[in-house]
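As a basis for the values below, the full set of heavy atoms in this structure was taken, side chains included, without hydrogen atoms, waters or symmetry mates.
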Amino acid sequence: MEYQIHSIFQLSDEQLTEVYALKAICEQSDRIHLKINANMLQNRKTLFPLDLLCYKENTLVGFLGMYIFHSGEAEVSAFVHPDHRQKQVFRKMLEKASSILKEQNIPQFLFIVDHSSSSGLNTATKLNATYHHSEYQMSRSPTASSNIDETSFSLVTPTIQHLDVWVELDVSSFSSTSDSEEIEQVRTFLKRNFLDESVIHYQLVEDGQIQGKISLRKYNNSGYLYGFVVAPTLRGQGIGTKILQEVIARHQGDFPTLRLEVATDNPNALKLYQKCGFQVTSRDDYYSYPVS
C-alpha cells in the first residue's frame, strides 16, 4: 500500500495520540527534543488545514504541523518514523504543505530543527534551506534556586484598553519592521490572546506608565512564559528581573516546571533567566525555505 497523506483542519483525540506516540518514537531514536506547539495543535482555529498526517497501512509514519503567527511565514515542525525515512515521506508532505500555503499567499517556511538532530540538519542541507536563527528551550523546577532579591511590588492584569501599548512593546522588541500590516497582525494575535482563558497576562505599571509585560500560558502540567518585554527606554534597570521574579513567586508551585524560549543571540536575557533558576534543556535552529 502506498503512503497516504491527509490534510487535517482539527486533529481528533485519536490523531493527537498518534502524533504524540510518533514524536516519542523519533525522540527516543534520535535522542532529541521535538517542538510541536501542543497547545496550538489542540486548539486549531483556521479556515485551511495546517496539519498533515502520513499513513502506511493505517499506521502514522509522518507528521507535519504548521504554525502561522503572521502572513510572512509558517513555522514547521515535522518528523518521520525512523523505519520510513529516505522514502520521500517528508518530501511528499512538504509538497502538500506548499500547495496549502501558496493558496494563502504565505511565501516561506521556517523549519524548526533540534540542534542535535542529524536527520533534521541533513534535510535542511539537502533542501538548501537558509539558516535563520536559533532559540534555547529553558525550564525551571519549583525547587530551583534564584540568586535575586525578593520583589516589593505587585503586577496587575491588563485589560483590552491596554492593547495599543502592548502592541507597541511587542513591535519594538520582536518585529524587524514596523509596517502597518505587521502591526495589525501583532494586534490580532494579542487580542486573541487576551480572550484566551488558558493565558494569564501581567504588566508592571508605575507612575501611570506600563514599564513591562509578560504572559503565562497554562498547558497540561507546565506553565509557558512568553511575550516578556520591558519598555526600551527602561531596560538595564532591573525591571525585567522584578517582573520575572514576581511571576515565579506566584506560579512556581502551580506547575512541575515553568518553561520559556530565548534567542541564542540574546545573552542579556539568557543571563537573566539563568539567574532566576532557568536551565537550558535544548536548542532549536530555524531554517527558512521558500514556498514553491
remark   = Heavy-atom closest pair (N193 atom, R217 atom, distance to 0.1 Å) is OD1-NH2, 3.5 Å
inquiry  = As a quick check of understanding, evaluate salt bridge (charged side-chain N to carboxylate O under 4.0 Å, His left out) for D254 and K218, giving each step before the final call.
reply    = CA-CA 10 Å; D254 296 342; K218 298 180 290 183; over 6 Å; no
message = By the definition side-chain contact (heavy atoms from CB on, under 4.5 Å), identify the one residue from L22, L64, L60, I5 that meets it with L53.
response = L60
ask   = Same cluster or not: are F63 and L16 linked, directly or through other Ile, Leu, Val, Met, Phe, Trp or Tyr residues, by side-chain heavy atoms under 4.5 angstrom apart?
value = yes
task = State, with a plain yes or no, whether a side-chain heavy atom of D114 is found less than 4.5 Å away from one of F79.
result = no
For N37, all residues meeting side chain to side chain contact (heavy atoms under 4.5 Å, CB included), sequence neighbours excluded = K35, M40, Y67
key: Between CG on residue L225 and CZ on residue R259, distance to nearest 0.5 Å   = 11.5 Å
ask   = Any ion pair linking K213 and D170 (charged N to carboxylate O, less than 4.0 Å)?
value = yes
Exam field: side chain T188 to backbone E184, donor-acceptor pair closer than 3.5 Å = yes
inquiry  = With rounding to the nearest 0.5 angstrom, report the CE to OG1 distance, M138 to T281.
reply    = 8.0 Å
inquiry  = Any salt bridge linking R85 with D30? Criterion: basic side-chain nitrogen under 4.0 Å from a carboxylate oxygen.
reply    = yes
Donor-acceptor list for residues 93-106 side chains, cut-off 3.5 Å, not counting sequence neighbours:
unit_1, atom_1, unit_2, atom_2, d
S98, OG, L94, O, 3.0
S99, OG, K96, O, 2.6
K102, NZ, S292, O, 3.2

key: Single-linkage hydrophobic cluster F9~M66, side-chain heavy atoms < 4.5 angstrom   = no
key: Within the 6.0 Å centroid threshold, strictly below: F111 and Y287   = no
ask   = Going through the checks in order, is the side-chain contact (heavy atoms from CB on, under 4.5 Å) test met by K191 and L163?
value = CA-CA 7 Å; K191 189 173 182 180; L163 181 62; 4.2 Å; yes
query = Quick check: does any side chain N or O of T17 sit under 3.5 Å from a backbone N or O of D13, one acting as donor and the other as acceptor?
reply = yes
ask   = Going through the checks in order, is the side chain to side chain donor-acceptor pair (under 3.5 Å) test met by Q279 and R140?
value = CA-CA 6 Å; Q279 296 182 332; R140 185 186 192 281; over 6 Å; no
Where E206 and L204 come nearest, the two heavy atoms and their spacing = OE2-CD1, 3.9 Å
query = Considering residues at least two apart in sequence or located in another chain, which fulfil the ring pair (Phe, Tyr, Trp, His ring centres under 6.0 Å) criterion with H84?
reply = Y3, H81
task = Flag yes if L127 and V80 sit in one hydrophobic cluster, no otherwise; membership is Ile, Leu, Val, Met, Phe, Trp, Tyr, and two members link when side-chain heavy atoms are under 4.5 Å apart.
result = yes
Verdict with reasoning, D265 to H133, per side-chain contact (heavy atoms from CB on, under 4.5 Å) = CA-CA 8 Å; D265 61 356; H133 73 282; 5.8 Å; no
query = Do the two ring centres, one from H132 and one from F109, sit under 6.0 Å apart?
reply = no
task = Would you please classify the geometry between the H201 ring and the F194 ring as parallel, tilted or perpendicular, with 30° and 60° separating the classes?
result = tilted
ask   = Using links of under 4.5 Å between side-chain heavy atoms of ILVMFWY residues, direct or through other members, which residues join L110 in one cluster?
value = I112, Y286
key: Nearest-0.5 Å distance, NZ of residue K92 to CD of residue E2   = 6.0 Å
key: Distance, nearest 0.5 Å, that separates OG of S198 from CG of N43   = 7.0 Å
task = Give the C-alpha distance, both sets of side-chain angles, the deciding distance and a yes or no for side chain to side chain donor-acceptor pair (under 3.5 Å) between R235 and S173.
result = CA-CA 11 Å; R235 292 170 187 170; S173 297; 2.6 Å; yes
ask   = Is there a path from I239 to L155 through hydrophobic residues (I, L, V, M, F, W, Y) whose side chains come within less than 4.5 Å of each other?
value = yes
task = Please check if L270 and I248 belong to a single hydrophobic cluster, counting links between Ile, Leu, Val, Met, Phe, Trp and Tyr side chain heavy atoms closer than 4.5 Å.
result = yes
inquiry  = Working to the nearest 0.5 angstrom, can you tell me the gap between C276 SG and L260 CG?
reply    = 9.5 Å
key: Min side-chain heavy-atom separation N268-N266 under 4.5 Å   = yes
inquiry  = Classify the ring geometry of F278 against Y273: parallel below 30°, tilted from 30° to 60°, perpendicular beyond 60°.
reply    = perpendicular
task = Take S222 and T257, measure what side chain to side chain donor-acceptor pair (under 3.5 Å) needs, and give me the verdict at the end.
result = CA-CA 5 Å; S222 294; T257 56; 3.1 Å; yes
inquiry  = Run the side-chain contact (heavy atoms from CB on, under 4.5 Å) test on L169 and F228 for me, step by step, so that the C-alpha distance in whole Å, both residues' side-chain angles and the decisive distance to 0.1 Å come before the verdict.
reply    = CA-CA 9 Å; L169 289 172; F228 183 24; over 6 Å; no
query = What's the shortest heavy-atom distance between L258 and F255, and which atoms?
reply = CD2-CD1, 3.8 Å
remark   = Taken in chain and number order and not counting sequence neighbours, the residues that satisfy ring pair (Phe, Tyr, Trp, His ring centres under 6.0 Å) with Y55 are H6
inquiry  = Could you work out, with side chain to side chain contact (heavy atoms under 4.5 Å, CB included) as the rule, every residue matching R283, not counting sequence neighbours?
reply    = H115, Y131, S134, Y136, T264, D285
message = Between K242 and E246 (salt bridge meaning N to carboxylate O under 4.0 Å), is one present in this structure?
response = no
message = Can you confirm whether Q185 sits close enough to F189 that some side-chain heavy atom of one is under 4.5 Å from a side-chain heavy atom of the other?
response = no
